[in-house]
Amino acid sequence: VFLAKKNRLNGLKSICFEYVQSMYYTQSITPVTVRVAQRLTETQMEKVKQKMKEKAGTRDVKLIMEVEPNLIGGLQVEWGYTDPQKRYAPTHGINLSLKNILGKRALQKGVVEAL
């Protein structure tokens with residue numbers, strides 16, 4: 001209401017962005033995107049969370065799961081986003097997908113020239 005009265009609603013988006021970033025920082029939360037071929041079970045998700053807490057060095061992990069059947073199997077993990085809301089430009093990532101492994105092996109064997 002205060003922003004509307006002062007005609008400053010256009011600044012609401014940047015205020016929310018700063019709030020979310022500071023909340024993630026002060027509460028030591030790391031957003032992590034996990035892309036998988038099939039939906040993970042609760043046990044698997046907890047294992048990924050525990051591993052990522054250790055790897056990222058934070059107290060908690062916000063796990064975002066995306067199902068991508070073209071990965072065939074395995075998973076891709078990304079974290080360290082500059083924008084935690086839009087999950088843009090991760091600074092760290094691991095690609096343990098079967099698609100990636102098969103692609104690398106095909107390059108090594110000379111089956112394909114480039115992916």
Side-chain angles (χ1 to χ4, degrees):
V1 175
F2 179 75
L3 292 174
K5 286 181 180 179
K6 295 290 185 175
N7 198 19
R8 295 186 177 141
L9 280 177
N10 57 349
L12 186 60
K13 187 175 183 177
S14 61
I15 292 169
C16 290
F17 173 75
E18 291 297 324
Y19 173 76
V20 169
Q21 274 195 321
S22 72
M23 182 187 68
Y24 281 169
Y25 180 75
T26 56
Q27 294 182 4
S28 187
I29 300 171
T30 300
V32 176
T33 303
V34 178
R35 289 185 190 84
V36 291
Q38 294 180 344
R39 199 166 248 326
L40 297 176
T41 64
E42 289 297 321
T43 307
Q44 290 170 327
M45 286 181 16
E46 283 304 314
K47 285 182 181 179
V48 170
K49 276 186 176 184
Q50 287 302 325
K51 292 284 185 182
M52 289 310 302
K53 283 180 193 178
E54 295 169 15
K55 195 151 193 79
T58 57
R59 286 184 292 183
D60 199 11
V61 169
K62 177 184 175 188
L63 196 64
I64 300 109
M65 184 172 36
E66 297 176 357
V67 177
E68 290 187 18
N70 65 344
L71 294 179
I72 306 170
L75 54 96
Q76 293 176 338
V77 183
E78 294 177 341
W79 71 97
Y81 297 102
T82 54
D83 182 351
Q85 276 304 105
K86 294 181 182 176
R87 298 185 328 264
Y88 177 73
T91 57
H92 303 336
I94 302 171
N95 189 345
L96 301 171
S97 68
L98 187 57
K99 178 182 177 181
N100 183 48
I101 294 168
L102 291 174
K104 285 182 180 179
R105 187 68 78 184
L107 278 172
Q108 289 173 347
K109 298 288 182 181
V111 177
V112 294
E113 291 186 25
L115 293 176

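Quick note: residue numbers are just sequence positions, from 1. The analysis underlying the following values was restricted to heavy atoms, covering all of them including side chains, and did not include hydrogens, waters or symmetry mates.
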[X]-[Y] co-clustered via ILVMFWY side chain contacts under 4.5 Å:
| X | Y | answer |
| --- | --- | --- |
| L12 | Y19 | no |
| V77 | L96 | yes |
| M45 | W79 | yes |

Side-chain donor-acceptor distances from residues 56-66 under 3.5 Å, at least two apart:
| from | atom 1 | to | atom 2 | distance (Å) |
| --- | --- | --- | --- | --- |
| T58 | OG1 | T30 | OG1 | 3.1 |
| T58 | OG1 | D60 | O | 3.2 |
| R59 | NH2 | T26 | O | 3.4 |
| R59 | NH2 | Q27 | O | 3.4 |
| K62 | NZ | Y24 | OH | 3.1 |
| E66 | OE1 | R35 | NE | 3.0 |
| E66 | OE2 | R87 | NH2 | 2.8 |

Atom [atom1] in [X], atom [atom2] in [Y]: separation rounded to 0.5 Å?
| X | Y | atom1 | atom2 | answer |
| --- | --- | --- | --- | --- |
| L75 | L98 | CG | CG | 11.5 Å |
| H92 | M52 | NE2 | CE | 8.5 Å |
| T91 | E78 | OG1 | CD | 10.0 Å |
| K47 | T41 | NZ | OG1 | 8.0 Å |
| N95 | N100 | CG | CG | 3.5 Å |
| I94 | K51 | CD1 | NZ | 10.5 Å |

(message) For a quick test of reading the model, state the closest non-hydrogen atom pair linking E113 to L107 and the distance between them.
(response) O-CD2, 3.3 Å
(request) Report yes if the side chains of V36 and L71 come closer than 4.5 Å at any heavy-atom pair, otherwise no. (result) no
Just wondering, more than 12 heavy atoms not from [X] lying within 6.0 Å of its [atom1]?
| X | atom1 | result |
| --- | --- | --- |
| E54 | CD | yes |
| K55 | NZ | no |
| N70 | CG | yes |
| E68 | CD | yes |

(request) Verify, without hydrogens or angle tests, whether S97 (side chain) and Q76 (backbone) share a donor-acceptor contact under 3.5 angstrom. (result) no
(message) Closer than 3.5 angstrom, by distance alone: can the side chain of Q21 be matched with the main-chain N or O of T82 as a donor-acceptor pair?
(response) yes
(message) Please give the remaining members of the hydrophobic cluster of F17, linking ILVMFWY side chains under 4.5 Å, ordered by chain and number.
(response) none
(message) If hydrophobic residues (ILVMFWY) are linked whenever their side-chain heavy atoms come closer than 4.5 Å, directly or via other members, who joins Y88 in its cluster?
(response) none
